[in-house]
Amino acid sequence: MNDFEEGYPRRTGLPGKGIPLVGSEEMRDLERELCRRFNIDTLVLMENAGRNVARYISRLIAKTGTIRNVVVLCGSGNNGGDGLVAARHLRVDCPCLPLSVFLAGDPNHLKRDSRTNYLIAESLGIDMRILRSVDEVAIYSDTLVVDALFGTGVVRPVTGLYRELIEKTNQANGRVLALDVPSGIDASTGQVMGCAIRAHDTVTLGMVKRGLVIWPGLAYAGRIRRVSLGIPFEPQFTSYWPVVELITAEMVASFLPVRPAGLHKIAAGVVGVCAGSEGMLGAGILASQGAVYTGCGMVVWALPSRFASQIKPLFPELVSFWPEPGRGEESFYYRPSQAGFIADFLYRRKCSALVVGPGLGTHAATALFLNKLVNTAPCSGVLDADALTLIAQDREEWRGRLNGWVLTPHIGEMASLARCSTADVEANRLSVVQEAAAYYDATMVLKGPGTLVASPEGGVAVNPTGNPGLASAGSGDVLAGVVASLMAQGLAPNESARAGVFLHGLAGDLMARKGYSFFSAGEVAGYLREAVRETQNGEWTLSVVDGD
C-alpha cells in the first residue's frame, strides 16, 4: 500500500481468536450436522442444556443469597423443553427450593423432546401448571424468573398471552434469567419482535447468538454466560462456520505492534491529517490526539499557518504544512488544486496512513479535492464524517474504489452511504454493513452500541466495549485517529478497525469505571494509552461473555 512498510514494527504470534456468533438458522443447522456426525440424539442436547442451566442457577442462588423461589416460564417449543429439564435438575439438586413451572401451551402439542421431559417432570411431582392467565403467576422481589418461552424460536411479533406474560415479568421486581435468548429478541438480528424480556442474566446454549450482542438485543440480554451442550462446536467438524464474531482482548492484543529497541518515529508510523475547515478545527485536533495517544510516531496535518500557530502551543508535537502559504488562508477549506501538493508532501513525509474528513466541510470544491486525494495519496487510511457525506452524494462514482480504506459512519451516515432510511439501518444493521463494505470494497465500521466492523469479503466483528458516555461531540474524530494510527503502525485495515473500536470503547469504559457517566472526546483520548496497556497486559476481562 505504501513505500515505507518494510521498516514498521510488526506484531508477533498468531492472531487471537474472536468468539463466533450464530443466528437461529445457523445454530439449528450446526446442531443438526453435529448430531448426525457424532450420532447424538437431540434429546441428549436438551438434557445437557437444562442440566448446565440448572447448575448455573444453583450457583447464582448461592452467590446472591436473595433468591427464595424460582418460577420457570416454558413455551411449547424446544426452549420450553430446556426449561423443563432445568426445573427437574433444580428439584433434584435443591429439593427445599420452592419451584413452580408454568407451561404457556398445550402439553399434547409438544414436540418429542419437550414432551418427553414434560412427562418426566410430571412424574416427579414438580408443581406444573398450564398457564391460562398471567394472574396465575406470582413474582416477588425474591423470585428468580427463568424465561424459557421462545429462545431462538421467535419468528413474528409477540402477541396475546405471551406478550402479557413478558410485560408482567418486566414490570415485576424479581430477577430474570433468560434461557438462550430473551424471549422476543430475534436471535439473528437483535431486533425486538414487538416486546421482549429484559433479562438480568442470559445463559446461552452451545454458541453465542448474534442477537445478544447486536443492538438493541444487547440492551435486553443483561450479563451473558455460555454453557456447553456436550457437543464440539468447532470448525474442523462442520461444513460451515459463522462469519460473525465478537472481538476479544486476546484478538486485539495479538494485533498490536511490538515496539522494538531502536525504534524511530518514522518506523513507529506517520499519520497524515486532512481535516477541519473554518470554525471546525476541533475535529482535526481530536483526530490527531487519537492518533498520537495510540502510539504513532508523528502526525502531519495540512493546516493554514494562522491556525497552526494557535494550535501548536497546546499540541507542540504536531507537524503542520499548507500547500499555498499566504494564499487561501482567509477562508480555510481544501481545494482541488491542493490535492497533488498535499499527496506529494505526505509521500515525502513518509505518511503511512491518513485521516480524511472530520470537519472537512461539504463544499463542492472539497468534493473534488477528496476525489483527487484518494486517487493520488501515497497510502490509504480512514474516511470519516464529511468525507462520508461527500462520498454518499456521488455514491456510484465511489463504488469499488475504496479498497484498503476504512469508513467509519454512524447510523445517519450509513443510511446515506447505503441509500436507505435510518430505520432500515437500525432494523438490519448486520446486513447493511456487510452490503456497504462489499459495495465500496472497504472495511466498514458502523458506529454505535455494539459497533460492527465488516470486511469487503463479508466477515463481521462485533465490539463489546464502550458505553453511553461516548455519545459526545468529537468521539468519532478520536476513533478515526485511533484507527489511522494503528494502520500507520502496520496493521491491516480490518485489524486496525477491530482494534481501534475496541480500544476506543475501552478508554470510555475506563472513564466509566471511575464513576463518570459522561465525558468529553478529549478526555477519552487521554485514556487510550491506559486502554492499550490494559489490553496488552491481559488485564481486561470480557464482561459480556465469560465462557463455560
Side-chain angles (χ1 to χ4, degrees), residues 18-38 40-46 48-49 75-83 111-114 147-158 162 178-194 196-197 202-218 220-221 224 226-246 424 426-435 437-438 450 452 454-455 457-462 545:
I19 296 174
L21 303 172
V22 295
S24 55
E25 292 184 7
E26 294 167 312
M27 187 66 189
R28 284 194 292 269
D29 291 345
L30 285 168
E31 283 185 0
R32 189 178 298 114
E33 180 177 2
L34 290 170
C35 282
R36 285 198 303 264
R37 181 184 181 94
F38 296 108
I40 296 176
D41 194 290
T42 55
L43 194 62
V44 175
L45 295 190
M46 185 171 287
N48 292 339
S76 56
N78 287 335
N79 194 240
D82 296 332
K111 294 181 179 179
R112 187 201 71 154
D113 295 352
S114 296
D147 162 35
L149 293 172
F150 292 127
T152 62
V154 63
V155 294
R156 61 182 65 89
V158 180
Y162 285 105
L179 206 162
D180 210 12
V181 177
S183 292
I185 295 296
D186 187 305
S188 301
T189 68
Q191 288 302 298
V192 179
M193 306 297 284
I197 286 285
T202 296
V203 180
T204 196
L205 310 175
M207 298 188 75
V208 182
K209 313 309 180 293
R210 293 198 303 260
L212 297 176
V213 294
I214 295 177
W215 188 264
L218 175 64
Y220 288 76
I224 302 168
R226 171 171 44 87
V227 298
S228 173
L229 290 179
I231 192 169
F233 288 96
E234 298 175 17
Q236 63 267 34
F237 299 128
T238 68
S239 59
Y240 163 82
W241 195 244
V243 297
V244 184
E245 59 184 337
L246 189 69
D424 289 334
E426 290 282 16
N428 305 280
R429 291 169 62 89
L430 186 62
S431 60
V432 168
V433 75
Q434 286 176 309
E435 290 168 7
L452 303 179
S455 70
E457 296 76 28
V460 180
V462 185
V545 181

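Contact of the K209 side chain with the T202 side chain is not registered, since no non-hydrogen atoms from C-beta on lie closer than 4.5 Å. In this structure, L149 and Y162 have side chains that are in contact, with non-hydrogen atoms separated by less than 4.5 Å. In this structure, the side chains of V213 and I224 come closer than 4.5 Å at one or more pairs of heavy atoms. P242 has its side chain out of reach of R210: every pair of non-hydrogen atoms, C-beta onward, lies at least 4.5 Å apart. Side-chain contact check for L218 versus L212: every heavy-atom pair is 4.5 Å or farther apart. Using a 4.5 Å heavy-atom cutoff, the side chains of I40 and L45 are in contact. Between L246 and V208 the shortest side-chain heavy-atom distance does not fall below 4.5 Å. Under the 4.5 Å side-chain criterion, counting only non-hydrogen atoms from C-beta, N79 is not in contact with T152.
In this structure F237 satisfies the ring-ring contact (aromatic ring centres under 6.0 Å, His included) test together with F38, sequence neighbours excluded. Residues passing the side chain to side chain donor-acceptor pair (under 3.5 Å) test with E457 are S455, sequence neighbours excluded.
Of all non-hydrogen atoms in R37 and Q236, the two that sit nearest each other are NH2-O, 4.4 Å. The shortest heavy-atom contact between S114 and M46 is OG-CE, 3.8 Å. The two residues A49 and L205 come nearest to each other via the heavy atoms CB-CD1, 3.9 Å. Closest heavy-atom contact between G458 and V243: O-CG2, 3.9 Å. Residues L34 and P232 share a closest heavy-atom pair of CD1-O, 3.6 Å. Of all heavy-atom pairs spanning F233 and G206, the tightest one is CE1-CA, 3.9 Å.
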Exercise answer: donor-acceptor pairs, residues 182-193 side-chain atoms, under 3.5 Å, sequence neighbours excluded:
from: S183; atom 1: OG; to: D147; atom 2: OD1; distance (Å): 2.6
from: S183; atom 1: OG; to: D147; atom 2: OD2; distance (Å): 3.2
from: S183; atom 1: OG; to: F150; atom 2: N; distance (Å): 3.0
from: D186; atom 1: OD1; to: S188; atom 2: N; distance (Å): 2.8
from: D186; atom 1: OD1; to: T189; atom 2: N; distance (Å): 3.1
from: S188; atom 1: OG; to: S24; atom 2: N; distance (Å): 3.0
from: S188; atom 1: OG; to: S24; atom 2: OG; distance (Å): 3.3
from: T189; atom 1: OG1; to: Q191; atom 2: N; distance (Å): 3.2
from: Q191; atom 1: NE2; to: E426; atom 2: O; distance (Å): 2.8

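Distance OG1/T42 to CZ/R112: 4.5 Å, rounded to 0.5 Å. E245 CD to I19 CD1: the interatomic distance, rounded to the nearest 0.5 Å, is 9.5 Å.
With hydrogens and angles ignored, the 3.5 Å screen pairs no side-chain donor or acceptor of N78 with any backbone N or O of D113. With hydrogens and angles ignored, the 3.5 Å screen pairs a side-chain donor or acceptor of E33 with a backbone N or O of S239.
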Discussion item. Between Q434 and V460, does the side chain to side chain contact (heavy atoms under 4.5 Å, CB included) criterion hold? Intermediate values first, please.
Written reply: CA-CA 7 Å; Q434 286 176 309; V460 180; 3.4 Å; yes

Practice prompt. Any chance you could lay out the side chain to side chain contact (heavy atoms under 4.5 Å, CB included) test for D180 and D82, step after step, and finish with the verdict?
Written response: CA-CA 9 Å; D180 210 12; D82 296 332; 5.7 Å; no

